[in-house]
Protein chains: 2
Amino acid sequence: MATIRDVARLAGVSVATVSRVLNQNGYVNKETEQKVIRAIEQLRYEPNAVARGLAGKQTGTIALILPDITNPFFPEMARGVEDAAQAQGYTVILCNSDDQGQKEKSYIEMLRKKYIDGIIFASNTLGQEDVEQMRSNNIPLVVLDRAPTRQLCSVIRSQNYEGAKLAVRHLLDVGCRKIAHIYGPQELITAKKRLLGYEETVMHFPWYTPSLMVPGHFRVDGGFDAVKELLKRHPDVDGIFCGNDLMAVGALKALYQLGVRVPEDVALIGFDGIGLTELTQPELSTVAQPIYEMGVLAAKVLMETIETGVMEPRLYELEVTLVARESTKRRAEA
Amino acid sequence: MATIRDVARLAGVSVATVSRVLNQNGYVNKETEQKVIRAIEQLRYEPNAVARGLAGKQTGTIALILPDITNPFFPEMARGVEDAAQAQGYTVILCNSDDQGQKEKSYIEMLRKKYIDGIIFASNTLGQEDVEQMRSNNIPLVVLDRAPTRQLCSVIRSQNYEGAKLAVRHLLDVGCRKIAHIYGPQELITAKKRLLGYEETVMHFPWYTPSLMVPGHFRVDGGFDAVKELLKRHPDVDGIFCGNDLMAVGALKALYQLGVRVPEDVALIGFDGIGLTELTQPELSTVAQPIYEMGVLAAKVLMETIETGVMEPRLYELEVTLVARESTKRRAEA
DNA sequence: TTGAAAGCGCTAACAG
DNA sequence: CTGTTAGCGCTTTCAA
């Protein structure tokens, strides 16, 4: 491993000069630059990132903290983050928090010690105080899918409220006359907005009643149980809007078990647009978020913050799109 | 941010002493140790990992190179790696190689510059020369699911051959009398072994013919297409063993489209044991590898190599288990 | 334009 | 047992 010293020696200049051509800053004579470049190539010199980090520069590493990479929603996002990071020479550290505040804190602690350049937070339990702490530690932060925490950091999310309306209207369009909603944890802004979108769209219908809303915890088994409960309460439901795709998958299973046909008896639609929705039978309609792009954007925003040093909190709200598939394919007959 | 110097000053000792208590090495008087510890706590001192790395110690960072985190097989493994790493204070860098040799090389290059402590390789295109290069660079390596490359590094995989036999025998047990196989890329040792297991189990049956083996590229669409082709060739097939679960999912879709009932008309079994197999309708039988554990083991072996410094190449072959679900649930009637 | 030199924070001989 | 000191490899004033 050649060092900057070796290069300097071979090129017959000082390390400072080599550093200058490396970082493209400060004045350096064209000719000397050439000499240096040749030396670099000759020695196959590669600057040592750790030393750079110590000398006050950045480490070129960002962290992605998410609840659980095993949840089918996250791999795509992680991939977006990684691709964008990689494209700019950054490296991504993966952290699974299981949505446990304590794990998150210990990760943050660890990351700070490692001089991580910034963090993308896609986990849910980040507290106000954590944000402030990171802020005071001056470590850039971008969060996904959370409420803008008093404008302390940039937030990226998509149109959850509008998407929910889109989903419910779609169900109405295909002829549903009694639509239920399986919702996620109300601590999550996403789940809340989707519930709100549902409520506001259906509350004026005569058939509407609060017991059409059942919790499903954003999980497959939650969706499964929710449907069982729901059809007990309302055997005449003919449309279900699930707050996320995972629950929709569970709902589908439950409906199958109950002998309810989808979409003939009950039309079903989810939210998120994860790949899984194309694998079920029937394929699931959904409101797709640009998950990959959200990851890419998060990484880009973070890297910009890191490089410019200006942390201007902004809110990015991405568009969602209705993806109509078999699970809602039926004629409006009303 | 307090530094080791601050601690030394406050405790009235030298930095060397502080370093000693920090790293629990060298002799240190109990009382001095206490003073130091108190100073550390008082200043909330946290050693700077980057400086440590530069000073020759390890960086406490390992990399996981895999083809694509978006492939449902990998999140679980990644989770295993991360959990094990985290438990020992290591941090994991995620790299998606898309199985492109060039991307892998550029990652390795980058990781080396960052003084990564070791690499777990779950990608497929790692060449012999790469392994040797890493070896000469003295960077520990553990590979997953590959042939033991001339014993240059530790290898972790599971019983692919035995698992394949298990799958095929299971199909025979439930009464199948003409069993096909959809296989993965033959460059992959896993795919090859599974194909071999199939062949050796069925080759003596009168119905056996090579055209019962169709490629499916380890992908959902590959499995889908393979089934279409297969049933054209052999309409009387009544059992299909897919080389992985992803292809089984695709196969299931194709069978459904063709109006072939599973398991009544055709029994279907996959390989891997990814979560997806529980979400389809009917649920898929599979030969489950301990995916999470493979990740954990890989991380542990790697960390041990890093810490002891001895790189003794070993081969770990984990057991697989037959998971019989609906997709093969039928009486043997022969 | 270039070089000398002072760190960045920590570890590890080596000497006491 | 403890302190001094020389790096690890790079960046960045400050002079020249």
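Below, read A as the first sequence line, B as the second, and so on, with proteins coming before strands; counting in each chain starts at 1.
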Q: Quickly work out the B:R20 CZ to C:dC10 P distance and round it to whole Å.
A: 15 Å
Q: Check whether any side-chain nitrogen or oxygen of A:Y45 sits under 4.0 Å from OP1 or OP2 of D:dC10, and answer yes or no.
A: yes
Q) Quick one: on DNA chain C, does A:V15 or A:E33 contact a more 5' nucleotide (nearest heavy atom)? A) A:E33
Q) Contact class for B:V13 vs. all strands (heavy atom < 4.0 Å): base, sugar-phosphate, or nothing? A) sugar-phosphate
Q) Of the nucleotides D:dG9, C:dT11, D:dC14, which one has an atom closest to the side chain of B:R52? A) C:dT11
Q. Given atom CG of A:N29 and atom P of C:dG3, what is their separation to the nearest angstrom?
A. 11 Å
**Q.** Spacing of A:N48 atom CG relative to D:dG7 atom C1', expressed in whole Å
**A.** 14 Å
Q | Per A:I4 side chain, nearest of listed nucleotides D:dT11, D:dT2, D:dT13 | A | D:dT11
(Q) From CG of B:N23 over to P of C:dA12, roughly how many Å is that when rounded to an integer? (A) 7 Å
Q. D:dT11, C:dG9, C:dT2: which one has an atom nearest the side-chain heavy atoms of B:A55?
A. C:dG9
**Q.** Residue A:A16, side-chain atoms from C-beta onward, closest of D:dT4, D:dC10, C:dA5
**A.** C:dA5
**Q.** Side chain of B:T17 - closest among D:dG3, D:dT11, C:dG9
**A.** D:dG3
Q) Any chance NZ of A:K113 has more than 12 other-residue heavy atoms, nucleotides or ligands included, within less than 6.0 Å? A) yes
Q | Rounded distance (Å) that lies between atom C1' of D:dT12 and atom CG of A:L22 | A | 14 Å
Q | Distance in angstrom units between B:Q34 CD and D:dC1 C1', rounded | A | 16 Å
Q) Of the nucleotides D:dT2, D:dT11, C:dG9, which one has an atom closest to the side chain of A:L54? A) C:dG9
Q. Are the charged groups of B:K103 and B:D98 less than 4.0 angstrom apart, N to O?
A. yes
**Q.** Shortest side-chain distance from A:S19, nucleotide among C:dC10, D:dT11, D:dC8
**A.** D:dT11
Q: Only one of A:P140, A:C153, A:S154 passes side-chain contact (heavy atoms from CB on, under 4.5 Å) with A:L302; say which it is.
A: A:P140
Q. Whole Å only: how far is the CZ atom of B:R5 from the C1' atom of C:dA6?
A. 12 Å
(Q) How many whole angstroms separate atom CD1 of B:I40 from atom P of C:dG9? (A) 16 Å
Q) Taking NZ, NE, NH1 and NH2 as the nitrogens, is one of them in A:E33 or A:K30 under 4.0 Å from a carboxylate oxygen of the other? A) yes
Q. Is the shortest distance from a Lys or Arg side-chain nitrogen in B:E109 or B:R112 to a carboxylate oxygen in the other one below 4.0 Å?
A. yes
Q. Which listed nucleotide (C:dC10, D:dC14, D:dT4) is nearest to the side chain of B:T3?
A. C:dC10
